[in-house]
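Have a look at the structure below, then the notes.
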Amino acid sequence: MSETEPHTFSPEEREELRESLLTWYARHRRDLPWRGDDVPAYGTWVSEIMLQQTQVATVRDYYVRWMARFPDVTALAEAELEQVLEQWSGLGYYRRARLLHEGAKYVVEKLDGELPGTASALRALPGVGPYTAGAIASIAFGEAAPLVDGNVERVFARLRGVGGDPKGRENQKTFWAIAAELVDASDPGSFNQSLMELGATVCTPKSPSCLLCPVRPYCSALAEGDVTRYPGKRVRKPPKEVALRSCVVSGDLDGERAVLVVKRPDKGIWAGLLEPPTAPPGELEGLLEALVGRPVELPAEPLGQLEHRLSHRLMTFSVTSAHVGEAAEPARDDARWILERELDDAALSSASRKLFALARGALSE
DNA sequence: AAGGCGGGGTT
DNA sequence: AACCCAGCCTT
């Protein structure tokens, strides 16, 4: 299903749309830590990477902590990957953190610490695609670069009555063409953010507030009557079910309680993060023996089951625990002991955090 | 062109 | 319980 009508506005409509959006944005924009005159281009970069497929409310605190820990591109470039992952822990899509780290090293080593100032040059940075390049270029550098994200897709689909899967090839071309046609040359950063802000706060997926919309006179979907008909449905595969067993292994280290963690491989899900020993059912005993250097006795009954839902996987963990006495150096170099009180600051996925919490809760009762 | 990659807010 | 989020990269 593709739209064939032309998606162009008259010059007068274009100007009225820009004006309406910019005026609305000036009044209704949310106060966010990455908005303000004192935010460096590096801050815009960090925020835009964090905001990929992640909502503003989730990013907020992560951004503030990140900027305190890595205040500039040099600080980030000089950090170890594991420190970077520690700051990203819980935010998801961890490849973003790796690529941001690689990008920082590239900027420091090859670009003398200066972020590129155009969308096309920004594309050279790892993790910076069409959207992010347009966002940084327009917001941090004032380039009249267009941008399309999930919010903008919805706004345009309704404004112009574009049906079908918004991620479809033809629809994407349409949206980017509209964005390029409309982007305001005098204040592209505010204009682009006004579109996203409108999508996030007014032109929402389920119950849009059309009465409050600054561009309602131009909205084709509203004129038709049923705004939520646009955009069309996205097709998604159901998540794959995965069963795993985990064992929280505790031991004594310098008179303190420590737990055994294994670093995940640097590709695939949760790449480079730490986790309690985890394996498919039937393989956990072998893994533990390889890590500890001798067979580990496991309780007959698990402490509990833990479900972890991702968009593409439904994971079920059967959780057990074991105590091994003295914490001897693990036989494998991807494993090590860390003090239990250091777990909060470790580079864990949210799933691993839940696993450790379950074991700690069960043991202290 | 399709699939992998996280986690949580909203409704 | 769906739906979707300031997407990008690999295959």
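Chain letters run A, B, ... following the sequence lines, proteins first and then strands; every chain starts at 1. Values in this document were obtained by computation on a predicted structure and should not be read as measured data.
Among the heavy atoms of the strands lying under 4.0 Å from W34(A) is at least one base atom, whether or not backbone atoms are also near. Residue R154(A) is classed as a sugar-phosphate contact, given heavy-atom separations below 4.0 Å to backbone atoms only. At a threshold of 4.0 angstrom between heavy atoms, the contacts of L147(A) with the nucleic acid are absent. Note on K240(A): nothing from the nucleic acid sits closer than 4.0 angstrom, heavy atoms only. Nucleic acid contact class of G268(A) (heavy atoms, under 4.0 Å, all strands): sugar-phosphate only. Within 4.0 Å (heavy atoms only), S350(A) reaches sugar-phosphate atoms of the nucleic acid but no base atom. Using a 4.0 Å heavy-atom criterion, one finds that T204(A) contacts no nucleic acid atom at all. Nucleic acid contact for V128(A): sugar-phosphate only, since backbone atoms but no base atoms lie under 4.0 Å from a heavy atom of the residue. Contact annotation for R313(A): backbone-only contact, meaning every heavy-atom pair under 4.0 Å involves sugar-phosphate atoms and none involves a base.
If you take atom P in dC3(C) and the same atom in dG6(B), they sit 23 Å apart, rounded to whole Å. Across the C1' atoms, dG3(B) and dA6(C) are found 23 Å apart, a figure rounded to whole Å.
Per the geometry, CG belonging to N151(A) stands 7 Å off P belonging to dG7(C), to the nearest Å. Taking atom NE2 of residue H312(A) and atom P of nucleotide dT10(C), one finds them 16 Å apart after rounding to whole Å. In this entry the distance linking CZ of R309(A) with P of dC5(B) reads 18 Å, nearest Å. As rounded to whole Å, 13 Å separates atom P of dA6(C) from atom CG of L91(A). Note: CG (D266(A)) to P (dC9(C)) measures 17 Å, nearest angstrom. Here the P atom of nucleotide dC9(C) and the CZ atom of R96(A) are 13 Å apart, to the nearest Å. At whole-Å resolution of the value, CH2 in W88(A) and P in dC5(B) are 18 Å apart. Remark: C1' of dA6(C) and CH2 of W45(A) are 17 Å apart, rounded to the nearest angstrom.
Map L32(A) and K267(A) each onto its nearest nucleotide of DNA chain C; the residue landing nearer the 5' end is L32(A). Each of Q53(A) and R169(A) was matched to the nucleotide of DNA chain B holding its nearest heavy atom; the match closer to the 5' end belongs to R169(A). Heavy-atom distances to DNA chain B give each of K206(A) and A271(A) a nearest nucleotide, and the one nearer the 5′ end belongs to A271(A).
At the phosphate of dC3(C), OP1 or OP2 sits under 4.0 Å from a side-chain N or O atom of K233(A). The side chain of Y62(A) places no N or O atom within less than 4.0 Å of a non-bridging phosphate oxygen (OP1 or OP2) of dG7(B).
Closest to the K237(A) side chain, of the nucleotides dG4(B), dA6(C), dG6(B), is dG4(B). Of the candidates dG6(B), dT11(B), dC4(C), the closest approach to any side-chain atom of Q55(A) belongs to dC4(C).
Side-chain N/O atoms of S349(A) and R264(A) include no donor and acceptor closer than 3.5 Å. No hydrogens or angles considered: a donor-acceptor pair under 3.5 Å links the side chains of S318(A) and Q305(A). Checking R18(A) against S186(A) by side-chain atom types alone, no donor-acceptor pair falls below 3.5 Å. The closest side-chain donor-acceptor pair between T132(A) and Q52(A) falls under 3.5 angstrom.
Evaluation of atom-type donor-acceptor distances gives a pair under 3.5 Å for the side chain of T54(A) against the base of dG6(B). Contact of R95(A) with dC8(C) (side chain to base): a donor-acceptor pair of N or O atoms is detected under 3.5 Å. Interface remark: the T132(A) side chain does not form any donor-acceptor pair with the dG7(C) base, using a distance-only criterion of under 3.5 Å.
The minimum heavy-atom distance between L291(A) and A335(A), with the atom names listed, is CD2-CB, 3.5 Å.
Relative to the six-membered ring of Y218(A), R14(A) misses at least one condition, a distance below 6.0 Å or an angle of at most 45° to the axis.
Between K354(A) and E307(A), no side-chain nitrogen of the basic residue sits less than 4.0 Å from a carboxylate oxygen of the acidic one, so the salt-bridge criterion is not met.
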